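Keep in mind that this is a model prediction, so the values were computed, not measured.
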Amino acid sequence: VFYTDDFSYDQGWGGLGGTAEWTIGAATGGTGSDSYGNPDPSVDHSPTGDNGVLGNDLTPGTGGDYNGGIGSVQWATSPLLDCTDFTGVQLRFYRWLGIESPSYDQASLEVFDGTSWVSLFANDGGIDESSWSEQFYDVSAYADGNPDFQVRFGLGPTDGSWNYCGWNIDDFELK
């Protein structure tokens, strides 16, 4: 592993805030303000004193759901990840994702290959996770030898109703 982020502090992620309420902070288990989908996690994947995750609206209580009416994709973008000296690069992270079907709300994951952004994931149906799930992506075609490699998580557009918990990301690593 040559890069790791457990979100105990902000290592330089871009796009925090905004209408998708991208936040690095404690997992709080917000239940949301509607009755759709599972709540946010109340603990991060590998419990630590800071309990940190990257997610949408980490507000406790009735927070936790992403906003309705997000007009365009809102991105949380990693810092530059210099992969110049690496081959066979693999991306691994844990997610807890709640998103309505893509005809209403969209979640996505992209990587920067040095020239353009390439899609690795877009929800092709509704996702309503109630536990952490490990995610693996072979990103060697995009990251190997790339001094400007980046990863970004997207949320939006969203319609005006049925809001779920959105992204919760932890234990992000490149190896």
Exercise for the section: Check the pair Ile99, Leu155 against side-chain contact (heavy atoms from CB on, under 4.5 Å), reporting the backbone distance first and the verdict last. Expected result: CA-CA 9 Å; Ile99 188 83; Leu155 179 69; 3.5 Å; yes
Exercise for the section: Start with the C-alpha distance between Tyr142 and Phe149, add both sets of side-chain angles, then the distance that settles side-chain contact (heavy atoms from CB on, under 4.5 Å), and finish with yes or no. Expected result: CA-CA 7 Å; Tyr142 316 111; Phe149 183 70; 4.2 Å; yes
Handout entry: CA sep, side-chain torsions, deciding dist, call: Phe7, Phe93, ring pair (Phe, Tyr, Trp, His ring centres under 6.0 Å)
Key = CA-CA 11 Å; Phe7 301 103; Phe93 61 91; 9.6 Å; no
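A ring pair (Phe, Tyr, Trp, His ring centres under 6.0 Å) check over residues 51-88, counting only residues at least two apart or in different chains, returns the pairs Phe2-Phe86. Identified under the salt bridge (charged side-chain N to carboxylate O under 4.0 Å, His left out) test for residues 107-118, with sequence neighbours left out: Glu110-Arg152. Identified under the salt bridge (charged side-chain N to carboxylate O under 4.0 Å, His left out) test for residues 50-76, with sequence neighbours left out: none.
Partners of Tyr104 by side-chain hydrogen bond (donor to acceptor under 3.5 Å, both in side chains), not counting sequence neighbours: none found. For Ser46, the side-chain contact (heavy atoms from CB on, under 4.5 Å) partners at least two apart in sequence or on another chain are Asp170, Asp171. With sequence neighbours left out, Trp117 forms a side-chain hydrogen bond (donor to acceptor under 3.5 Å, both in side chains) with no residue at all. Residues forming a side-chain contact (heavy atoms from CB on, under 4.5 Å) with Gln11 (at least two apart in sequence, or on another chain): Tyr3, Asp5, Tyr9. Applying the side-chain contact (heavy atoms from CB on, under 4.5 Å) criterion to Phe136, with sequence neighbours excluded, gives Arg92, Glu134. Every residue meeting the side-chain hydrogen bond (donor to acceptor under 3.5 Å, both in side chains) condition with Asp138, not counting sequence neighbours, appears here in chain and number order: Gln90, Ser140. Residues satisfying the side-chain hydrogen bond (donor to acceptor under 3.5 Å, both in side chains) test with Thr62, not counting sequence neighbours, are none.
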Tell me which donor-acceptor pairs under 3.5 Å the side chains of residues 77-85 have, and how far apart each pair is, sequence neighbours excluded?
residue	atom	partner	partner atom	Å
Ser78	OG	Val151	N	3.0
Ser78	OG	Val151	O	3.3
Asp82	OD1	Thr84	N	2.9
Asp82	OD1	Thr84	OG1	2.5

Ignoring hydrogens and angles, write down the donor-acceptor pairs under 3.5 Å from the side chains of residues 14-26, residues two or more places apart or on other chains.
residue	atom	partner	partner atom	Å
Glu21	OE1	Asn67	ND2	3.3
Trp22	NE1	Gln74	O	3.1
Thr23	OG1	Glu21	O	3.0

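Between Trp132 and Tyr94, the distance from one ring center to the other does not fall under 6.0 angstrom.
Taking the six-membered ring for Trp and thresholds of 30 and 60 degrees, Tyr36 and Trp162 have nearly parallel ring planes, at less than 30 degrees apart.
Side-chain N or O atoms of Thr158 include one that pairs as donor or acceptor with a backbone N or O of Gly69 at under 3.5 Å.
Separation of atoms CG (Asn168) and CG (Asp40) is listed at 4.5 Å; rounding is to 0.5 Å. Here Leu97 contributes atom CG and Gln135 contributes atom CD; the two are 8.5 Å apart, rounded to the nearest 0.5 Å. In this structure, OG in Ser131 is found 9.0 Å from CG in Asn38, a value given to the nearest 0.5 Å.
More than 12 non-hydrogen atoms from other residues, nucleotides or ligands lie less than 6.0 angstrom from CZ of Phe172.
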